[in-house]
S.K.: 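Got a structure for you, written out below as structure tokens; questions coming shortly.
To find a chain, count down the sequence lines: A is the first, B the second, and so on, and within it residues start at 1.
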There are 2 protein chains.
Amino acid sequence: MGLVKTEKFSDLQNEIALFAKAFGHPARVAILQHLFKTDACICGDLVHEIGLAQPTISQHLKELKHLGLIKGNVEGTSVCYCIETKNWTKMKTVMFQFLDQDISEEACC
Amino acid sequence: MGLVKTEKFSDLQNEIALFAKAFGHPARVAILQHLFKTDACICGDLVHEIGLAQPTISQHLKELKHLGLIKGNVEGTSVCYCIETKNWTKMKTVMFQFLDQDISEEACC
DNA sequence: TTAGTTCATTGCAATATTACGATTAATATG
DNA sequence: CATATTAATCGTAATATTGCAATGAACTAA
């Protein structure tokens, strides 16, 4: 075990969980906040800003990139990372629908 | 290692990550969706609905309860679970602010 | 070419998570 | 009381995640 039984759940449930897992680590939250805040989104800046080792940051960036939430552009020896706007918006739609469900009036307990 | 370096991040960043982690498993997504959808939120129903073993569901419920997102009420031999409305709303505020950041106009890459 | 810079990848150790069988605790019912 | 029902807890195995040192790959500059 230690293995999620994905097949028991709907595609939407798995998708929500995947997005949420991406935000489930403070380093990835910090990376995304930094990408939103600044235009200078060079990878090396993130390493200094966040204070984890370069391979660690690189790994977190890879996960966010794999989900399509960010993109990286090679510029000489450095790499510029940014939010992938279109996918971020799609993700927002999915997460908002999940988070913003109406709570049933009749309290059951 | 295998250990998040919480001290490197702000309280808000850690809070966002904790909430997100709660949604980072499809079983917990399914549990919450079910609690929203129905008033009959007996633990045993969730076990049947979701199709994981009872101790597994119980463990997921414990995590959601620990975060304050749900509450459980003992009713005889069974336990009735519901969304903890007030905390859910607070969580929504935090998550919405994170997800709904403005993307800087000037595309950097 | 050689050295320097920047970032990705590899490999590994430590810890966390997931899942469930077995058991326990609490309450109900005959 | 004895038994059944329901859900929590314990213990454990399997897998996943986190973090980093070491290394590699790609480019720049001298």
S.K.: Quick one: Leu46(B) CG to dA8(D) P, roughly how many Å, whole number?
M.R.: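 These atoms are roughly 10 Å apart.
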
S.K.: If only side-chain N and O atoms of Lys8(A) are considered, is one of them under 4.0 Å from the OP1 or OP2 phosphate oxygen of dA19(C)?
M.R.: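 No, Lys8(A) has no side-chain N/O under 4.0 Å of OP1/OP2 on dA19(C).
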
S.K.: By the 4.0 Å heavy-atom rule, please label Lys21(A) as base, sugar-phosphate, or nothing.
M.R.: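 Sugar-phosphate: the residue Lys21(A), judged by heavy atoms under 4.0 Å, touches backbone atoms but no base.
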
S.K.: Nearest to the side chain of Cys43(B), heavy atoms from C-beta on, is which of dA8(D), dC20(D), dT27(C)?
M.R.: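 Nearest to the side-chain atoms of Cys43(B), counting from C-beta on, is dA8(D).
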
S.K.: Could you tell me how far apart Asp45(B) (CG) and dT5(D) (C1') are, to the nearest whole angstrom?
M.R.: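 In whole Å, dT5(D) C1' lies 14 Å from Asp45(B) CG.
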
S.K.: Hydrophobic clustering (ILVMFWY, side-chain heavy atoms < 4.5 Å, transitive) - are Met1(B) and Val47(A) grouped together?
M.R.: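 No, it is not one cluster - the side chains of Val47(A) and Met1(B) are not joined through contacts under 4.5 Å.
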
S.K.: Considering only dT5(D), dT15(C), dT6(C), which nucleotide approaches the side chain of Leu3(B) most closely?
M.R.: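 The answer is dT15(C), which lies nearest to the side chain.
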
S.K.: Starting at NZ of Lys65(A) and ending at C1' of dC7(C), how long is that distance when rounded to a whole Å?
M.R.: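 Atom NZ in Lys65(A) sits about 10 Å away from atom C1' in dC7(C).
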
S.K.: Expressed in angstrom and rounded to an integer, what is the separation of Leu61(B) atom CG from dA7(D) atom C1'?
M.R.: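 Rounded to whole Å, this separation is 10 Å.
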
S.K.: Measure NE2/His60(A) against C1'/dC7(C) and give the value in whole Å, please.
M.R.: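 For the pair His60(A) NE2 and dC7(C) C1', the rounded distance is 16 Å.
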
S.K.: From the set dT18(C), dT17(D), dG19(D), return the single nucleotide nearest to any side-chain atom of His25(A).
M.R.: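 Per side-chain heavy atoms of His25(A), the pick is dG19(D).
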
S.K.: Among dA16(C), dT18(C), dC20(C), which nucleotide has an atom closest to any side-chain atom of Val4(A)?
M.R.: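 Ranking dA16(C), dT18(C), dC20(C) by closest atom to the Val4(A) side chain puts dT18(C) first.
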
S.K.: Assigning hydrophobic clusters by single linkage (Ile, Leu, Val, Met, Phe, Trp, Tyr; side-chain heavy-atom cutoff under 4.5 Å), is Phe9(B) placed with Met91(B)?
M.R.: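 Same cluster.
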
S.K.: Decide yes or no for Gln33(A) and Ile16(B): does some side-chain heavy atom of the first lie under 4.5 Å from some side-chain heavy atom of the second?
M.R.: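 The answer is yes; the side chains approach within 4.5 Å.
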
S.K.: Using whole Å, what does the distance between atom P of nucleotide dA16(C) and atom CE of Met1(B) come to?
M.R.: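 Whole-Å distance recorded here is 13 Å.
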
S.K.: Can you get from Ile57(A) to Leu3(B) by hopping between Ile, Leu, Val, Met, Phe, Trp and Tyr side chains that sit under 4.5 Å apart?
M.R.: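 No, it is not one cluster - the side chains of Ile57(A) and Leu3(B) are not joined through contacts under 4.5 Å.
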
S.K.: What is the distance, rounded to the nearest whole Å, between atom CG of Leu64(A) and atom P of dT17(D)?
M.R.: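 One finds 14 Å between P of dT17(D) and CG of Leu64(A), rounded.
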
S.K.: Any side-chain N or O of Tyr81(B) under 4.0 Å from OP1/OP2 of dA8(D)?
M.R.: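 For dA8(D), OP1/OP2 do have a side-chain N/O of Tyr81(B) under 4.0 Å.
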
S.K.: Can you give me every donor-acceptor pair (side chain of residues 17-30 of chain B, partner residue at least two apart or in another chain, under 3.5 Å) with its distance?
M.R.:
from	atom 1	to	atom 2	distance (Å)
His25(B)	ND1	Ala27(B)	N	2.9
Arg28(B)	NE	Ala22(B)	O	2.8
Arg28(B)	NH1	His60(B)	ND1	2.9
Arg28(B)	NH1	Glu63(B)	OE1	3.3
Arg28(B)	NH1	Glu63(B)	OE2	3.4
Arg28(B)	NH2	Lys21(B)	O	3.2

S.K.: For Lys8(B), I'd like to know if atom NZ has over 12 heavy atoms of other residues, nucleotides or ligands within 6.0 Å.
M.R.: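 Result for NZ/Lys8(B): enclosed.
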
S.K.: Taking for each residue the nucleotide of DNA chain D bearing the nearest heavy atom, is the 5' side occupied by Ala27(A) or by Gly76(A)?
M.R.: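 In this pair, the answer is Ala27(A).
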
S.K.: Give, ordered by number, those residues of residues 50-59 of chain B having at least one heavy-atom distance below 4.0 Å to an atom of DNA chain C; if nothing qualifies, reply none.
M.R.: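 Leu52(B), Ala53(B), Pro55(B), Thr56(B), Gln59(B), in order of number.
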
S.K.: Rounded to whole angstroms, how far apart are CD1 on Ile42(A) and P on dT28(D)?
M.R.: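 It is 14 Å, rounded to the nearest whole Å.
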
S.K.: By salt bridge (charged side-chain N to carboxylate O under 4.0 Å, His left out), which residues pair with Lys92(A), not counting sequence neighbours?
M.R.: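 Result, salt bridge (charged side-chain N to carboxylate O under 4.0 Å, His left out) vs Lys92(A): Asp100(B).
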
